[in-house]
Amino acid sequence: MSRIIAITNQKGGVGKTTTAVNLAAGLAQGGKRVLLVDLDPQGNATMGCGVDKHALSRSVYHLLLGHASFDDVCVATEHEFSVLPANRELGGAEVELIELEHRELRLREALAAARQHYDFILIDCPPALNLLTVNGLAAADGVIIPMQCEYYALEGLTDLVNTLRKVRQALNPKIEIDGLLRTLYDPRSTLAQQVVAQLSQHFGDKVFHTVIPRNIRLAEAPSFGRPIFSYDKSSRGALAYQELATELIQRIKR
Ligand code: ADP
Ligand code: MG
């Protein structure tokens, strides 16, 4: 059975794209059939898995607007998973979608037939609670919320939980939180420890045991268009994302 997971947080810079690319690669390494969907006009996930966003003739934009089929847009990466790539053109979809029927459900409809070919479909959401993100949430069975454990993190989380509640009521009754992921983690920070304590209080075992440390190799890998496993497979970042892939698979089974 396939699972569609939106990787979301309206804050930028919390590690959504890093998680999307490296979790996709980690799951693929474990033999899972994986599709990565880049839903951010910045196209960072696209570049991060080695696909040139400037050279796309078709992208997620065309798929959402019904101008191209899934097969026209889907690209096989060199890293054992496929990607629906994006570039800045996708920014225009935000406006153009408003005119269309089922504007919140375009991605769900575009993935409906294809999902049977994958074990995991990961959606890298943009850093906003906009129509693109709503498309991601409407298409998803679950969400992973990467977060940096700093003071304002919990405040942002309240907005996100409210949005999820609305999506559940209006569009997608079965969407679940698959997990909260602590990223860019510095165990020496007392603030981080306090935030973690509060997180556990509110979300209990929704918080992944796996923690993603701050690791320079994770920041370097995208400029080579590579997931961490092909860039530096013995780095702390690689070990952490491998552990996350394993933990996620266990969690989905339960
Ligand atoms: P988002 O998609 O939420 O905006 P990114 O994944 O693009 O966040 O991460 C923001 C920046 O931080 C990027 O430059 C990325 O390379 C870097 N980064 C993300 N996670 C880590 C990490 N664990 N260690 C070091 N740098 C990281
Ligand atoms: Mg991003």
Side-chain angles (χ1 to χ4, degrees), residues 5-26 36-51 53 59-61 79 83-88 90-91 93-94 107 122-130 132-133 135-137 140 143-150 152-157 159-160 163 179-189 192 195-196 207-245 247:
I5 301 175
I7 299 178
T8 192
N9 187 331
Q10 72 276 17
K11 278 196 78 169
V14 297
K16 288 182 292 297
T17 300
T18 304
T19 298
V21 170
N22 293 310
L23 183 56
L36 174 60
V37 181
D38 192 351
L39 212 50
D40 187 343
Q42 292 181 85
N44 292 343
T46 299
M47 296 296 278
C49 58
V51 174
K53 67 178 177 184
S59 71
V60 167
Y61 167 84
H79 312 287
V83 63
L84 296 179
N87 58 25
R88 52 189 303 202
L90 182 59
E94 183 70 22
L107 183 63
L122 303 182
I123 305 170
D124 184 30
C125 291
L129 291 174
N130 59 17
L132 289 170
T133 296
N135 262 272
L137 297 178
V143 296
I144 289 178
I145 305 170
M147 52 181 304
Q148 227 177 317
C149 294
E150 57 184 26
Y152 291 111
L154 293 167
E155 204 169 295
L157 212 49
D159 295 337
L160 186 51
T163 303
L180 280 83
L181 177 66
R182 292 164 285 172
T183 57
L184 290 150
Y185 192 72
D186 177 2
R188 289 164 306 180
S189 152
V195 172
V196 166
V207 183
F208 283 111
H209 292 295
T210 306
V211 171
I212 309 298
R214 192 177 280 279
N215 176 233
I216 187 72
R217 308 301 269 169
L218 286 170
E220 290 167 356
S223 58
F224 298 91
R226 289 169 163 198
I228 191 66
F229 307 105
S230 97
Y231 180 62
D232 185 349
K233 67 178 189 315
S234 56
S235 62
R236 282 163 65 234
L239 298 179
Y241 276 109
Q242 190 54 66
E243 190 184 325
L244 178 66
E247 186 178 2

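What you see is a predicted model; the values in this text were computed from it and never measured. Order of listing sets the numbers, starting from 1, for every ligand and every atom in it.
Taking the side chain as every heavy atom from C-beta outward, Asp38 and Pro85 never approach each other to under 4.5 Å.
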Ligand 1: protein N/O within less than 3.5 Å of ligand N/O:
from, atom 1, to, atom 2, distance (Å)
ligand 1, 2 (O), Thr17, N, 2.9
ligand 1, 2 (O), Thr17, OG1, 2.9
ligand 1, 3 (O), Gly13, N, 3.4
ligand 1, 3 (O), Val14, N, 3.1
ligand 1, 3 (O), Gly15, N, 3.1
ligand 1, 3 (O), Lys16, N, 2.9
ligand 1, 3 (O), Lys16, NZ, 2.9
ligand 1, 4 (O), Gly13, N, 2.7
ligand 1, 6 (O), Thr17, N, 3.4
ligand 1, 6 (O), Thr18, N, 2.9
ligand 1, 6 (O), Thr18, OG1, 2.6
ligand 1, 8 (O), Gly15, N, 3.0
ligand 1, 23 (N), Pro213, O, 2.8
ligand 1, 24 (N), Asn215, N, 2.8
ligand 1, 24 (N), Asn215, O, 3.3

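In this structure, a donor-acceptor pair under 3.5 Å is absent between the side chains of Asn44 and Thr17. A side-chain donor-acceptor contact under 3.5 Å links Thr19 and Tyr241.
Looking only at protein N/O/S atoms, the ones less than 2.8 Å from the Mg ion (ligand 2) make 1 in total.
With sequence neighbours left out, the salt bridge (charged side-chain N to carboxylate O under 4.0 Å, His left out) criterion links Arg214 to no other residue. For Lys53, the salt bridge (charged side-chain N to carboxylate O under 4.0 Å, His left out) criterion is met by no residue, not counting sequence neighbours.
In terms of modelled atom types and a separation under 3.5 Å, the side chain of Thr183 and the main chain of Ile212 share no donor-acceptor contact. The backbone N or O of Asn9 sits less than 3.5 Å from a side-chain atom of Lys16, completing a donor-acceptor pair. Judged purely by atom type and a 3.5 angstrom limit, Asp232 has no side-chain atom pairing as donor or acceptor with the backbone of Arg217.
If you run side chain to side chain donor-acceptor pair (under 3.5 Å) between Thr210 and each of Glu247, Arg182, Gln242, only Glu247 comes through.
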